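All figures in this text were calculated on a predicted structure; none of them were measured in a lab. In what follows, every chain begins at residue 1, and chains take the letters A, B, ... in the order their sequences are listed.
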Protein chains: 2
Amino acid sequence: MKLSDGLEWALHCCTVLGSLPPDVALPAGRLAEFHAVPPAYLAKQLQALSRAGVVETAPGRRGGYRLARPATEITLLDVVVAVEGEAPAFRCTEIRQQGPSAVGPEHYVEPCGIARAMWRAETAWRDELRNVTIGDLVAELDTSVSPEQQQRAVNWVIGVLS
Amino acid sequence: MKLSDGLEWALHCCTVLGSLPPDVALPAGRLAEFHAVPPAYLAKQLQALSRAGVVETAPGRRGGYRLARPATEITLLDVVVAVEGEAPAFRCTEIRQQGPSAVGPEHYVEPCGIARAMWRAETAWRDELRNVTIGDLVAELDTSVSPEQQQRAVNWVIGVLS
DNA sequence: GTCCCTATACTCGGATAGCAAGTGTCCGAGTATAGGCGG
DNA sequence: CCGCCTATACTCGGACACTTGCTATCCGAGTATAGGGAC
């Protein structure tokens, strides 16, 4: 099992956008520069976030991406689902209905215990992600990052937007 | 994010082995036949389970696989880790240390909030998997599967082992 | 000085190659068994 | 009739192709802006 690298980038981008004033839009190229990641590939992730309604776009010159809702109303699950898709990680292919000792499909109305257990674990994972918002991450940054570095980041953003 | 198909097969195989008397070994080919899956590929998963110490092998004629411990002492997490590997799904590449506004590595002693949140969710997932054993699945089968079908499966195993 | 128009430069968006990991397969090494042989 | 030996057939184990999806990239469509010109 593996989560894509793009997910990490998307989460960091949302945190950066959440640290900015709500009406400021930052272009994908600048976000890529800020994290030193390939611009074209990061664009792919941002487009996925846009399709999912997590961020919204401002086209044209001086355009870019900004959060579509307040940072406190965007959960990590929203971002994960936007980038990774809604499909559950464990997929039951009903192999219990195959093989020599199987019986007719009418005997398999309930999902098998294996699938139920795996899905239960996945639900716990999703619940945990749903309980953390981008706003929480932004607030956490404020306590864990030194003031001078915060100022450094702010200055860089001001520089590229002017 | 995607869990391999082989994981589902491995879980079903462990459940079947857990339903058998402890000293009976079932060859990989028979397990593949029982679930109607490619024998050679299933063998790959069983080898992974063997390497992880979840099942043990009986070589030679009349050999096969059997559980290495009582079914109640094998958790779903054991099987998942054996097949999927121990690496966490989310990997932090520390992109916060990259880019124009980054500072020296000595300022990044704590993992970033994003990685901590993702890992916390993953821990919840693993905890849930740790709380379910192969024995639970076997017991659940006994209540959800009709007696005649259970007999059908037992007869098939007796048939292929004779 | 103010307003409007146009050309521009910058933005996002989807369509397009490359690569790693999962998927599927095969054949060789090793061993418990079955049968035959000798005592 | 019993014990031993050998050949066999079956098992697992690791090494070898193929396909899907993640990684990385590019160019085209569309728009807010900046500048220049007219009033």
Revision key, fill the gap. Residue pair B:Ala43/A:Tyr65 against DNA chain C: nearer the 5' end by closest nucleotide is A:Tyr65
Under 3.5 Å, side-chain donor or acceptor atoms of residues 54-66 of chain A against the rest of the protein: list the pairs with distances, not counting sequence neighbours.
from: A:Glu56; atom 1: OE2; to: A:Arg66; atom 2: NE; distance (Å): 3.1
from: A:Arg62; atom 1: NH1; to: A:Leu161; atom 2: O; distance (Å): 2.7

**Study point:** Between C1' of C:dG22 and CZ of A:Phe90, the distance in whole Å
**Key:** 16 Å
**Study point:** Test salt bridge (charged side-chain N to carboxylate O under 4.0 Å, His left out) applied to B:Asp5 and A:Arg91, step by step
**Key:** CA-CA 8 Å; B:Asp5 292 349; A:Arg91 286 152 304 148; 3.6 Å; yes
Review point. Heavy atoms, side chains only, cut-off 4.5 Å: are A:Arg126 and A:Val81 in contact?
Key: yes
Check your understanding: Does B:Glu94 have any side-chain hydrogen bond (donor to acceptor under 3.5 Å, both in side chains) partners at least two apart in sequence or in another chain, and if so, which?
Key -> B:Arg96, B:Gln97
Review point. Tell me, for nucleotides 31-36 of chain C in 5' to 3' order, what letter each nucleotide earns: B for a base near a protein heavy atom under 4.0 Å, S for only sugar-phosphate near one, - for neither?
Key: BBS---
Check your understanding: Are B:Gln149 and A:Ser101 linked by a side-chain donor-acceptor pair shorter than 3.5 Å?
Key -> no
Check your understanding: Looking only at heavy atoms, what is the nearest atom pair of A:Trp119 and A:Pro111, with distance?
Key -> CZ3-CB, 4.1 Å
Check your understanding: With the sugar-phosphate defined as primed atoms, P, OP1 and OP2, and the base as all remaining atoms, what B/S/- string results for nucleotides 18-25 of chain D, 5' to 3', for protein heavy atoms under 4.0 Å?
Key -> ----SBBB
Check your understanding: If Ile, Leu, Val, Met, Phe, Trp and Tyr residues are connected whenever their side-chain heavy atoms lie under 4.5 Å apart, and connections chain through other members, are A:Val157 and B:Val103 in the same group?
Key -> no
Check your understanding: Starting at NE2 of B:His35 and ending at P of C:dG24, how long is that distance when rounded to a whole Å?
Key -> 16 Å
Practice item. Figure out the CG/P separation between A:Leu46 and C:dC12, and round it to whole Å. Key: 8 Å
Review point. Any Lys/Arg nitrogen of B:Arg116 or A:Glu140 sitting under 4.0 Å from an Asp/Glu carboxylate oxygen of the other?
Key: yes
Revision key, fill the gap. Here the distance between atom P of C:dC12 and atom CZ of A:Arg51, to the nearest Å, is 14 Å
Study note, to complete from the structure: Here the gap from A:Glu128 atom CD to A:Leu77 atom CG, rounded to the nearest 0.5 Å, amounts to 11.5 Å
Review point. What parts of residues 20-33 of chain B reach DNA chain C, counting only heavy atoms under 4.0 Å away?
Key: none
Check your understanding: Which residues pass the ring pair (Phe, Tyr, Trp, His ring centres under 6.0 Å) test with B:Tyr41, sequence neighbours left out?
Key -> B:Trp9
Practice item. Rounded off to whole Å, could you give me the CD-to-P distance for the B:Glu56 and D:dT11 pair? Key: 18 Å
Review point. What is the distance, rounded to the nearest whole Å, between atom CG of B:Leu7 and atom C1' of C:dT23?
Key: 15 Å
Practice item. Look at B:Ser50 and D:dC12 and indicate whether a side-chain polar atom (N or O) is within less than 4.0 Å of OP1 or OP2. Key: no
Check your understanding: Is there a side-chain contact between B:Ser4 and B:Val83 (heavy atoms, below 4.5 Å)?
Key -> yes
